[in-house]
Amino acid sequence: MNAAAWTCLLLPLGSTVLITLLGGSISRRAAGWISTVSCAGAFAAAVVAFVVMLGRSPDDRSELSTAYTWLAAGNFKVGFSILTDPLSMFMMLVVTGVGSLIVAYSLGYMDGDDEERRYFAYMSLFVFSMLLLVQGGNLLFLLIGWGLVGLSSYLLIGFHHERPSAVAAAKKAFIMNAFGDATMALAFFLLIQKTGSLDFDVVFSRADGLSQTVLVLVALGLLGGAVAKSAQLPLQTWLPDAMEGPTPVSALIHAATMVTAGVYLIVRTNPLFELAPHVQELAAGLGTATLLMAGLIALVQTDIKRVIAYSTMSQIGYMFLGAGIGAYANAMFLLMVHAFFKALLFLGAGIVIHALGGEQDIRRMGGLRKLMPKTWLAMLIGGLALAGIPPLSGFFAKDSILAAALAGDTYDRVLFAVGIVGAFLTGLYTFRMLFVVFGGEQSAYVREHPPHAGHDRLVNWSMGLTVAVLAVLATFGGWIQFAGVWTPITDWLEPVAKPLIEATNSQEAVASIISVAVGALGIGVAWWIYSAHRMKAPRPWAVLEHKFYFDELYNGLFYWPAVALARILDWTVEGPIVNGSIVGVAGLTRRTGDWFRALQTGLVRVYAFALAAGLAVLVLVFIAVR
Amino acid sequence: MTSHGWITTTMIMLPLIAAVVLWVVPMPRVWVAPAALLVSLFEVGFWIEALVRYDFDRGGLQEWNHATWLKDLGVSYSVGFYQGFSIWLVGLTTIVMAASTAYGYWMRRDRPRAYYGLMLFLTGAIVGVFTAQDLLLFYIFWEAMLIPLYVLIGAWGGPGRLNATIKFVIYTMVGSLLMLAAVIVYGLQAGTFSMIDGGTNASDWIFLGFAAAFVVKAPLFPFHGWLPDAYRESPAEVSAVLSGVISKAAAFGFLRICFSLFPAGVQDFRTPILVLAAIGLVYGSLLAFRAPDIRGVVAYSSLAQLGLIVLGLFATNNLGIDGAVLQMVNHGLISAVLFLLAGAVERRAATGRFESLGGMAKGRPALATVLMATGIIALAVPGSGAFAGEFAILAGVFQQGWLYAVVGAVAIVLAAMYVLRMISGVLHARKGPAVHDNALDLRPAELAILVPLIGILLFLSAWPAAITDRVLG
Amino acid sequence: MILASAANVLVWVVWVAAAFACLASGVAVISFSNPFYSALALIGNLGSLAVLYLLLSAEFVAAAQVLVYAGAVMVMFLFVIAYLGGKADAPWTGHLPGQTIAAIVAAGALLVEIVLVIAGQADGHLSSPAEITDSFGSPAEIGRLFLTDQLLAFEITSVILLVAAVGGVILGSHSRQEASLGDDDARA
Amino acid sequence: MLGPDTAAYLIVAAFLFTTGALGVLVRRSPLIVLLSLEIMLNGANLALIAFSRHFANGDGQIFALAVMAVAASEVVVGLGLIVAMARKRLDLDVDKLSSLRG
Amino acid sequence: MTAAVTIPPVDWFAISPSLILLGVAGICLMVAVLAPDAAKRTTSAVVTAGGFVGAFVAAVLLYDKTPTGMSVIADTVRRDRYFALAALILAAVGLVAVLVSYTEHRHGHVAEYYALLAAAAGGMIFLTQANSLMTLFLGLEWFSISLYILCAIDYAKERSLEAGLKYLVVGGFGSAVLLFGSALVYGATGKLTFDAIAGAVTAGGLQHDALLLTGLAMIIVGLGFKASAAPFHMWTPDVYEGAPTSVTAFMSAATKVAALLLAFRVLVTAFPQEDGLWTVAIAVIAVCSLVLGNFAALVQKNLKRLLAYSSISNAGFMLIAVSANSALGGRALLYYLIPYAAASIGAFAVVAARERELARDVSLDDLAGMGWERPLLGAAMWTFMLSFAGLPPTGGFLGKFYVFSSAYDRGWLWLVILGVLATAVSLYYYLNVIRALYLRPGAELQFAAGGQPPRDSLLQAGTAACVVVVVGSFFAVQPLIDLAQKAIATL
């Protein structure tokens, strides 16, 4: 099992190194193949490990494997180790599975790009980082993976580095994530001080003895990392901008895997969160607020990818809600199926964008259904899954979370209510996008730029086949678990994350009915507005268009103050004090020198006088002092 | 002469003698640079030998060479490797110096005999600083570093070099002269200048004398007035040495001298120094974020990084110190690479200002890869060696006061901001007016210089414990 | 006693006269605007000093003072002054406004200090001069000292005079240097 | 000792010395400056001889004689310089000798 | 009346260094008169150089043969290792001065020049062995008068003349002060020899005697004048600038050696009971010199002037050692003088070389690019500046280290701190020289016509020797300290 896990982890890294070292000596497509094969290999390895794990008893499924001591400073030691347990296994499968599909899709999507090699190197690096995140055998390696996915995300968002907006978006994403890294690191420092270790088992076992303050601070630090990575309130603003990256990147990183790492983190460190229940409630609250806010903003977005991005944000809000109320397995379940259908949506959108020569504005699209029927089908599946319409996958996962919320206390029920509103919004914005893009008459733009089918078989196959696979997964993936009937995921994750809360079957039913109903209502409203009447969208509220002014707020709160502070320091400290002191001392010295120089008049009488005066003083002092 | 091995003296004397030979013995000009490079590579070789010989488990002082020199006042020639950290710093020195020498060769510096002689002399002096076991000898090497630097910057530097050198040398000398006073006081009180036999001294004043030299040399905020100009006006490879190696001498001084000889002073002044270091960390980061050119960014980031290293040292626990030593090596290599890259960019674009740069990544994959890789390590992305160092430092200083670690964490975010700004300012977005299409990618020779350094950085990223586990003992 | 006191009075009178002449001529030296008069005043000064030397039983020194100093040296002085034409400068003036006042203050302070010191010692160990023999200060005694205790001083004095003579020769000679370097100087 | 005490001689000597010093400080003619230097030396000589008498110790007189020789030497050199100056048609004014300054 | 005249035993060996130089001076004078013009320069230079070598050898022998100090020739001079070491340094300085002077352009008086050089050096050596106030005064005048003439020897140049006259006037004033002080000390104690003075003070309980202290003050001023210590230093820059450069070279090195060593001897042997006063006075004077010399040097453009102010500040450092009034201070002083003297004469030698090359006074700007065009001289100048500034690896560094050690040993940490700060200030102008030599392109310089070609192997040999001493004294510090230690022991 360990060997397979290590193989899974290191294969993508190997591919990165290989592509980098080979550089220009291989063809661009070869780089793509290397990457794809390595990811597929990683998936295979993960499957092998999974099979091995299945063969063991549930108590014996956790195994820690340490390669070597990575950092040993003072009494603090951390090994380069991976933890293979049901949770990480679950994530490995999702990551490598979806990952290899998307990499394969990229073979087609990125075909012809100048810097394809760089792209695939980055993609492999990302897969490695993500695996490190989920496989990391201690908190530090979790953080390392955490940081490395942020790095790969930065690299890939900024892939089109000649576009200033892409560069800016990449920087923004990285810096906000760095903020999250920092809060996590602070939590870790606290843990090191209090427990002396960052190993999961040591930390968890010693956590009981920590004071509530410490626990709250630690949990807050972890939550900071989680919200930053998962683009939850209040650190959500980077995700829409991140759509500057190539679409497969959005699919892989900003939908399927990386952004859900926050959920993974909460689930992984649930013993800590459970000891700080208020923070966990906070996580649920933040998730809920995010899902509502993102749903609202998504309504007015005009960029196809941004719509999906906000929906991602919103869906992760559900996951946070689930993880926050302790329905870990449900959150993980949504995480998985979300990976399927959101990847599907992105890749479908990618096909549209690709076909339209890079156009992303839905207002310029329209009537594509006839031109791209297969894509329409795929997108429809994705959209229905997203809206939680049975029997597609989203239904099973999302509703189980809502049901769990319904099972909780008053606070949780408020969250449930908001979640229902969110479900309505989900249906609305998803189908707004679908109807605008695919429905109705062909827009002027589409007529001018008719979507062209590629002539390259590989391109078509790689994009078509992967989308097809994802469509299948999005359709049937949810059947793995049907709350109240069969719960393999909950059982699987039981040893790692035992749910705090479980809905009764009646609650499940109530939640399902309500959410499906409002979801359908949302779809209906969308149909009524955007398909049946092709209404011009009402002028949206400025507050939505400006995404609740979070960008402006953060610019005003952090960026500009930092810049201003730097300027002020430059003007008030660096210039006048640090440098000025030198100039001042130098000037003073020089003036003193000039003054002494002026004493040297060249007149011999003055010289003699100096001697005489010096003598008079010296004699006086000698006589006086003796 | 008491001798326990030959290697320390050899490592000091070889470059010094080679320098004198270069100056004095006439030889064809074309031989000069290869000869110097060969010597500096020999230094690296000797260092590897020393690394192999040094018994980390035993620790303490090894490869000790001792000879009385000025018996009258108890001064002796006494050199050796004292604990693991001196090994690492000597290694950093030899490697960075070899890279810088090679870079100078590549740049075809004029007046080669003087140039390479000075570089070699500098090498010897720095190795001397890191191995001296006698305070006066330490001081001598300390000052001896300054002399070649003065001319290297002044004769081969940029247009503002004359003022920059004066500022640099006098500012740092004021600090070191106070150290001389402290050395004298300590030595006369103890009856010997030996760091080994002298014992501790509880005087705060002596500690402050030493600290004055170290805070200026490092530099620590607000004693960094000399830094921006010196780093900007030096030849790139000298900037690399300045920020990569010379600044580490100050941190080394704290560690080797202050910690072992003046524990009381360290105790008394820990808080002020920590505060200064923390301020410098944020301050340097902010100014790096605002700096208009590559070198400005690297220069102010050096200020910040040295603040961080001092935070780690003055955490006064093994965690912080181990991290600080790792970070010294990391930062030494990073800033060396960044300065050499700055030189490479300036050579191609004739400027280092961001307003004229940009878009260099297009068609220059090697430059982009090298700069990106180094920048990413510089901003301490988790998993990098710099991350390991910073993590250990902050975890260490957290135990002195959580606020320091919070400040450090803020600074890490700021570091991300300024490094990314630098990377994108050079490589990304629209092509700057100073970037010509025919500006070349990094040449194989440049890669041959830079890639080994980055290789070491990557190695340290994969296994930071290689150093942190072998710092003290 | 009477004889002694009469002698004492006589000595006093001579002393007062000589001291007064000495001081007056000293002031005169630095007050005359014409160096010629100053030089003459200095001769008077040296002469009156010789009297004081005599009163101090330094016969040989007094003689030397008159012969060598007031005679030979001052004659040389007068020669030079005559040669140069004795240009006058207005004493006590100059283009240094504060210099004169400052000089007077400094010199005055010095004088006051020394006088105070001497006065303070007047009743101390300066009050009882030692008894002397007749031979004290005689040429024979001086000669003996020159050949015994102060042998070296005697020799060195001659060396100094020799050096000065060489200097006089060099500086006084109107050599080629003047002619050939004159234009160097002009060029510079 | 007949006549006034040693102290009286010393006061005369001090007066002479300071008079000479004053001369050097205030006079601009190099000739008179030289003369003033002579006065200073003579003041010292008077003190030496007075002490010599006071201690009945001949050394002071020898010293005074040596000083005379030295004074003569200084005069010779000084006059030589003055003559050289005059030959270069320089003003005989020490205040004009200020090309070296600063 | 016929008192038996017994000439005291004369230890000719004790004064042999001076005598040799006097003899050489005499020979040179004869050369001046007798030799044909063409031969004057070479003959007199060779003879003088030989004289300095002889004096050097004599000094070495004296050092070797004088394990304990003694007063000789009716106690008027000392024969001890202290003086022998001084003579050794002075003879070496003189020898280098001959090398520097040899190619100096001079119309006439060449042989006289060497005669005076030898005479001045002889006087200085004699001064350092003076053991009575009379020999002190005579020795002082001996070399002073020689120097007055040497300064003015290029009297066709107005500046040389000006330098000579200024030196003479202020020097005469200083001598008179010293003399009056000697008279007062004589008056207070009745003695002229140093140890007798100390004895009389002890016997008579005269430690607080006003007469004695006034005399002491005057002696300090007189010696401070010769050592060019502030505020008695004011003649120094003018004279150094105006005098022929070879003379300045000799003077700057040798006068310091003689005056400071004598000052130490006088103060320590004649006034040990008054140390509470004079150590403080000397320390204050040292501080004045440090402050004034360094600050004024900062703003100098003319190189000779700059070096003159630097010599003032160095006098300050050496006076710190004197003020320590200890064996350690003595060692510090003796040691400091060795690299200082070498660096000083060497630096002026380089100035002289540049002057001859450019045929004009050398300003800092005139050094532009010299380091690259004249590698030997440039590197030498660099070394000298480092030594002045007290940077390793030069003897100047250890000199300062010793000086500060002696001050701290005395308990004067404040003096150490002040010295350290002064050093920091001084760096500016020393580095300025190096900056001119190496950091500025020579193209800035407009060469004047009429200079000599720079080839001057004797001067370069002399400069190289100075470099060897400056650097060698760093590495061979312990042997030199041993020499100094033995010298101090015989004081």
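In what follows, chains are A, B, ... by sequence order, proteins preceding strands, each numbered from 1. Side-chain atoms are counted along with the backbone in the values below, which use heavy atoms only and exclude waters and symmetry mates.
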So for D:Phe15, is it side chain, backbone, both, or neither that comes closer than 4.5 Å to the heavy atoms of chain C? both
Proximity breakdown for C:Leu49 and chain D, heavy-atom pairs closer than 4.5 Å: side chain
Counting only heavy atoms closer than 4.5 Å, note whether D:Asp59 contacts chain C via side chain, backbone, both or neither. both
C:Ile160, part contacting chain D, at a heavy-atom distance under 4.5 Å: both
D:Arg53 and C:Leu55, any side-chain heavy atoms less than 4.5 Å apart: no
Engaged part of C:Phe77 at the chain D interface, taking heavy atoms whose separation is under 4.5 Å: both
Close side-chain approach of D:Val70 to C:Thr157, heavy-atom, < 4.5 Å: no
Distance check, rounded to the nearest 0.5 Å: D:Leu34 atom CG versus C:Ser38 atom OG? 11.5 Å
Non-hydrogen side-chain atoms of D:Leu35 and C:Met74 separated by less than 4.5 Å: yes
Identify, with sequence neighbours excluded, every residue that meets side-chain contact (heavy atoms from CB on, under 4.5 Å) alongside D:Ala56. C:Ala130, C:Ile132
Do side-chain atoms of C:Gln99 reach the backbone of D:Leu25 as a donor and acceptor pair under 3.5 angstrom? yes
Smallest heavy-atom separation, C:Ala103 atom then D:Val26 atom, equals CB-CG1, 3.7 Å
Roughly how far apart are D:Asp5 CG and C:Ile118 CD1, rounded to 0.5 Å? 12.0 Å
Honestly, the part of C:Ile114 sitting under 4.5 Å from a heavy atom of chain D is side chain
Measuring heavy-atom distances to chain D, does C:Leu46 have an atom under 4.5 Å in its side chain, in its backbone, in both, or in neither? side chain
All heavy atoms of D:Leu16 vs all of C:Gly26, minimum pair found to be CD2-CA, 4.5 Å
D:Leu79 vs C:Phe79 side-chain heavy atoms within contact, under 4.5 Å: no
D:Arg27 side-chain N/O to C:Ile30 backbone N/O, donor-acceptor pair under 3.5 Å: yes
Does any backbone or side-chain atom of C:Gln121 lie under 4.5 Å from a heavy atom of chain D? Answer side chain, backbone, both or neither. neither
Counting C-beta onward and ignoring hydrogens, is there a side-chain heavy-atom pair between C:Val163 and D:Val77 closer than 4.5 Å? no
Below 4.5 Å from any heavy atom of chain D, which atoms of C:Val61 appear? Answer side chain, backbone, both or neither. both
For a 4.5 angstrom cut-off between non-hydrogen side-chain atoms, does D:Gln61 reach C:Tyr53? no
Checking C:Tyr69 against chain D: side chain, backbone, both or neither under 4.5 Å from a heavy atom? side chain
Could you tell me which residues satisfy side-chain contact (heavy atoms from CB on, under 4.5 Å) with C:Glu59, sequence neighbours excluded, listed by chain and number? C:Leu54
